[in-house]
Amino acid sequence: MRYGISYIITIIIHLTTVTIGRIAGAENPPVTGISSVYPVLSLIFINTFILIIIDVVRLQEAKAAARIEINNLKIANLEAQKQLLVQQLQPHFLFNTLATLKSLIHEDPVNAEKYTLKLSDFMRYSTHGNHVNMVQLSDEISFTKSYIELQEYRFGEALQCSENIALELHSNKIPVFALQLLVENAIKHNYFTPGNPLLIKLYNEGSKICVSNNKTGVRLTERSGLGLKNLNERLLLLTGLPLEKEEDEHFFTVKITIG
């Protein structure tokens, strides 16, 4: 329909121009035959070419808008899953931490006070993290350390962790809860004791942040909704860079590339 209207307008303009030209130069003989048709065909061809270019541009814009909308929906879905995860973990986490705090109050009041402060910092960051997608690496490291320290009160010598991430990377961005999730997965899915401790290492290989743990034995636990697969999807959407996994008989390592 749009092409037809455009052709009609083109022909009308051409005929009007020719008529005006003939009136203005009546002494010249009129152009007839193929010579009179050729200008019309040329104009129609040019008009068609322009319309095709416009349609291609519009199509590309529509595709780009659709991709953006799809990505926004994916991010919204992943964020909904993140919110659900937090809601599911908080009661279980609080139950364990409060049980540990109760024991410390009776056995070690000084450490009970330190534990309470760590728990406060952890919950404060958890609340803040619900409203953002990316945070500074330094903040995520601090949050993850708070989580680890809370778990160390619970597991004692059975859990040993170290962190050695270059300071020049601390200002870079990383998805919120990314490191904490990897540490949590290691704790949840390994069976460990003081005689066979779980060793978790946080370090960097260039611009890759690595979380590695030894395999101490599989612990049968219920899988959460936000695992490595969903973390990988979040990374792809937020940074465009996938999660990397390395595994052998003794160690399991996950790597996150940051900008």
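Along the sequence shown, residues carry numbers from 1.
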**OP:** Spell out, as yes or no, whether a donor-acceptor pair under 3.5 Å connects the side chain of Ser142 to the backbone of Ser138.
**Re:** no
Original post:
Quick check: are there more than 12 heavy atoms from other residues, nucleotides or ligands sitting under 6.0 Å from CD of Gln136?
Top reply: yes
Original post:
Within the side chain of Asn214, is there an N or O that forms a donor-acceptor pair under 3.5 Å with the backbone of Phe251?
Top reply: no
Subject >> Linked, directly or transitively: Leu228 and Ile200 (ILVMFWY side chains, under 4.5 Å) >> reply: yes
Original post:
Roughly how far apart are Leu198 CG and Phe155 CZ, rounded to 0.5 Å?
Top reply: 9.0 Å
Original post:
Tell me, do Val211 and Asn213 make a side-chain contact under 4.5 Å, heavy atoms counted?
Top reply: no
**OP:** Assess whether side-chain contact (heavy atoms from CB on, under 4.5 Å) is satisfied between Thr216 and Leu199, documenting all intermediate values.
**Re:** CA-CA 9 Å; Thr216 59; Leu199 310 175; over 6 Å; no
Original post:
Would you say the side-chain atoms of Arg234 pair up with the backbone N or O of Val176, donor to acceptor, closer than 3.5 Å?
Top reply: yes
**OP:** With rounding to the nearest 0.5 Å, note down the distance linking CD in Glu168 to OG in Ser207.
**Re:** 11.0 Å
**OP:** For residues Leu202 and Ile141, determine if any side-chain heavy atom of one lies less than 4.5 Å from a side-chain heavy atom of the other.
**Re:** no
Subject >> Heavy-atom closest pair, residues Ala158 and Pro194 >> reply: CB-N, 3.6 Å
Original post:
Atom CG in Asn204, atom CD1 in Ile256: separation rounded to 0.5 Å?
Top reply: 12.5 Å
Subject >> Spacing of NZ belonging to Lys201 relative to CD belonging to Gln160, to within rounding of 0.5 Å >> reply: 10.5 Å
Original post:
Do Asn190 side-chain atoms and Ala186 backbone N/O form a donor-acceptor pair below 3.5 Å?
Top reply: yes
Subject >> Lys215 atom NZ, neighbour heavy-atom count above 12 within 6.0 Å >> reply: yes
**OP:** Could you tell me whether a side-chain N or O of Gln180 sits under 3.5 Å from a main-chain N or O of Glu140, the two making a donor and an acceptor?
**Re:** no
Original post:
Considering only heavy atoms from C-beta outward, does the side chain of Ile187 approach that of Tyr147 to under 4.5 Å?
Top reply: yes
Original post:
Do Glu247 and Thr253 have side chains that get closer than 4.5 Å, going by heavy atoms?
Top reply: no
Original post:
In Å, rounded to the nearest 0.5 Å, how long is the span from OH of Tyr153 to CG of Leu119?
Top reply: 11.0 Å
**OP:** Would you please classify the geometry between the Phe177 ring and the Phe143 ring as parallel, tilted or perpendicular, with 30° and 60° separating the classes?
**Re:** tilted
Subject >> Residue pair Leu235 / Pro175, side-chain heavy-atom distance below 4.5 Å >> reply: yes
Original post:
Side-chain heavy atoms under 4.5 angstrom apart, residues restricted to Ile, Leu, Val, Met, Phe, Trp, Tyr: same cluster for Tyr203 and Ile148?
Top reply: no
Original post:
Is the backbone of Ala112 close enough, under 3.5 Å, to the side chain of Thr116 for a donor and an acceptor to pair up by distance?
Top reply: yes
Original post:
In the single-linkage hydrophobic clustering (I, L, V, M, F, W, Y; side-chain heavy atoms under 4.5 Å), do Leu241 and Val135 co-cluster?
Top reply: no
Subject >> Side-chain heavy atoms of Phe252 within contact of Lys245, under 4.5 Å >> reply: yes
Subject >> Nearest heavy-atom neighbours spanning Ile165 and His170 >> reply: O-NE2, 3.3 Å
**OP:** Following the transitive rule for hydrophobic clusters with a side-chain heavy-atom cut-off under 4.5 Å over Ile, Leu, Val, Met, Phe, Trp and Tyr, establish whether Ile105 and Leu150 coincide in one cluster.
**Re:** yes
Original post:
Do the side chains of Glu152 and Cys161 get nearer than 4.5 Å, heavy atoms only?
Top reply: yes
Subject >> Distance-minimising heavy-atom pair for Pro109 and Glu107 >> reply: CD-C, 3.9 Å
**OP:** Taking the side chain as every heavy atom from C-beta outward, state whether Met134 and Thr239 have any pair of such atoms under 4.5 Å apart.
**Re:** yes
Original post:
Roughly how far, to the nearest 0.5 Å, is CG of Leu182 from CG of Leu231?
Top reply: 5.5 Å
Subject >> Shared hydrophobic cluster, Leu169 / Val254 (ILVMFWY, side-chain heavy atoms < 4.5 Å) >> reply: yes
